[in-house]
Amino acid sequence: MTTETTARPISLFDMKAQQALIRAEMNTRIAKVLDSGAFVNGPEVREVEEKLAAFAGARHAVGVSSGTDALQIAMMAEKIGPGDAVFLPAFTYTATAEVPLVLGATPVFVDVAEDGFNIDIADLKRRITLVKEQGKLRPRAVVGVDLYGLPADWPAILEICRAEGMFALDDAAQAFGGALDGKRLGAWADATALSFYPTKTLGCYGDGGAILTNDADRAELYRSLRTHGEGKTRYEVERTGMNGRLDTIQAAILLCKLPLLEQELASRTRIAGWYAERLANHVVVPRERPGAQSAWGLYTVILPDAATRDRVMAAMKQRGVPSAIYYPKPLHHQPAYAAAHAAGLPNGPVLSTSESLCERVLSLPMHPYLDEGQVAAVADALIAGL
Ligand SMILES: *Cc1c(COP(=O)(O)O)cnc(C)c1O
């Protein structure tokens, strides 16, 4: 096997290499939108919705303005609000916790498992029981996050949600393209939120998102909620909604990018394999649970402690290799969420794995256009800092 070395700088994400492949088509598609003037609700929105649903194996897709708005619209449709407990991991991006709070509900933080980074099923059960015993909040929803692209344990989450009458929402913002038991994320939970933020596995050139579901009634509600709660006609307002639409230009960009996604996911898997080969003897590398296919939105290793991580980051930086920490602080320690955490489950068990991972995780460059020489250079730089 030949290892190609290149002079291309190594970046965490690379949107330029991909853009070069589709630039001409993109210019044509954007020009078409400019000519049509249908900047909102143009035909490209419907077209991309159909293609997203088909790709994920979900019956319906509703384009929205961001991943955060996807989460919000999905929760608004369930009328989640004051008095409701929404269970979600303490180790995730802020948007997952922000949305229940914006709606007046209470996020209840759940610990994650070190193996796979996702919501710890035993801890989830424990906290649902505690909230019920406390009797202040109604357990209403579980938001499972497929962190870094690694699918959460959806069969287990769904079993709990069914038993408790709770809504199962998949925050797949980092995981579009991932699968479990051969079935892509998108039809596992009651609803699945996607983000098309530029660095996600499918990104547009601005903000965008979508909600996937198999439930036709929910899909119709999402369409209404993203357009101010409109009814059958434009000026009939049936419910309180929001302005949460996907722009036509972003839909056109997604239509150019979607045909590349299958191949890009295969590249990400190949790159993850190269990393594992070179790093598994030195650090804890991410592993897919049996039956799970990661979308490899990020490639995140676990180091022994914070001091080692500091050293490794410095060594990498010195060699011109970027790295990043997703996330340096668990959500229950964030100033914005501390009060909600105290109100939700004041005497809950410590979120020790979430706290510990924040000190030890490190994300390495991950995008479909890394070559094996670059992966080797990243691995060597990391090892040099150990
Ligand atoms: C990116 C992200 C979001 C939010 O998506 P936006 O499109 O930026 O609003 C939500 N949850 C997770 C886990 C994310 O990574």
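Position 1 is the first residue of the sequence, and the numbers go up from there. As the structure is a computational prediction, the values presented were derived from the model and not from experiment. Note: hydrogens, waters and symmetry copies are ignored here, and every other heavy atom, side chains too, is used. First listed ligand is number 1; within each ligand, the first listed atom is number 1.
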Student: For R319, I'd like to know if atom CZ has over 12 heavy atoms of other residues, nucleotides or ligands within 6.0 Å.
Tutor: yes
Student: With a 4.0 Å cut-off on heavy atoms, is D207 in contact with ligand 1?
Tutor: no
Student: Going by heavy-atom distance to atom 10 (C) of ligand 1, choose the closest among D171, V143, L194.
Tutor: D171
Student: Just one of V375, V378, L364 clears the side-chain contact (heavy atoms from CB on, under 4.5 Å) bar with I271, so which one?
Tutor: V375
Student: Would you kindly say whether T201 and R268 are connected by a side-chain donor-acceptor distance under 3.5 Å?
Tutor: no
Student: Is there at least one pair of N or O atoms, one from Y197 and one from ligand 1, spaced under 3.5 Å apart?
Tutor: no
Student: Under a 4.5 Å cut-off applied to non-hydrogen side-chain atoms, are R218 and F167 in contact?
Tutor: yes
Student: Are Y326 and Y148, when compared by the centres of their aromatic rings, separated by less than 6.0 Å?
Tutor: no
Student: Relative to the heavy atoms of A173, which atoms of ligand 1 are at a distance of less than 4.0 Å?
Tutor: 2 (C), 3 (C), 10 (C), 11 (N), 12 (C), 14 (C), 15 (O)
Student: Taking only heavy atoms of A95, which atoms of ligand 1 are found under 4.0 Å from at least one of them?
Tutor: 4 (C), 10 (C)
Student: Out of K200, Q72, E98, whose heavy atom sits nearest atom 14 (C) of ligand 1?
Tutor: K200
Student: Provide the number and element of each atom of ligand 1 under 4.0 Å from a heavy atom of S66.
Tutor: 7 (O), 9 (O)
Student: Around atom CG of D115, are there more than 12 heavy atoms from other residues, nucleotides or ligands closer than 6.0 Å?
Tutor: no
Student: Atom 9 (O) of ligand 1: which protein heavy atom is closest, and how many Å away?
Tutor: T68 OG1, 2.5 Å
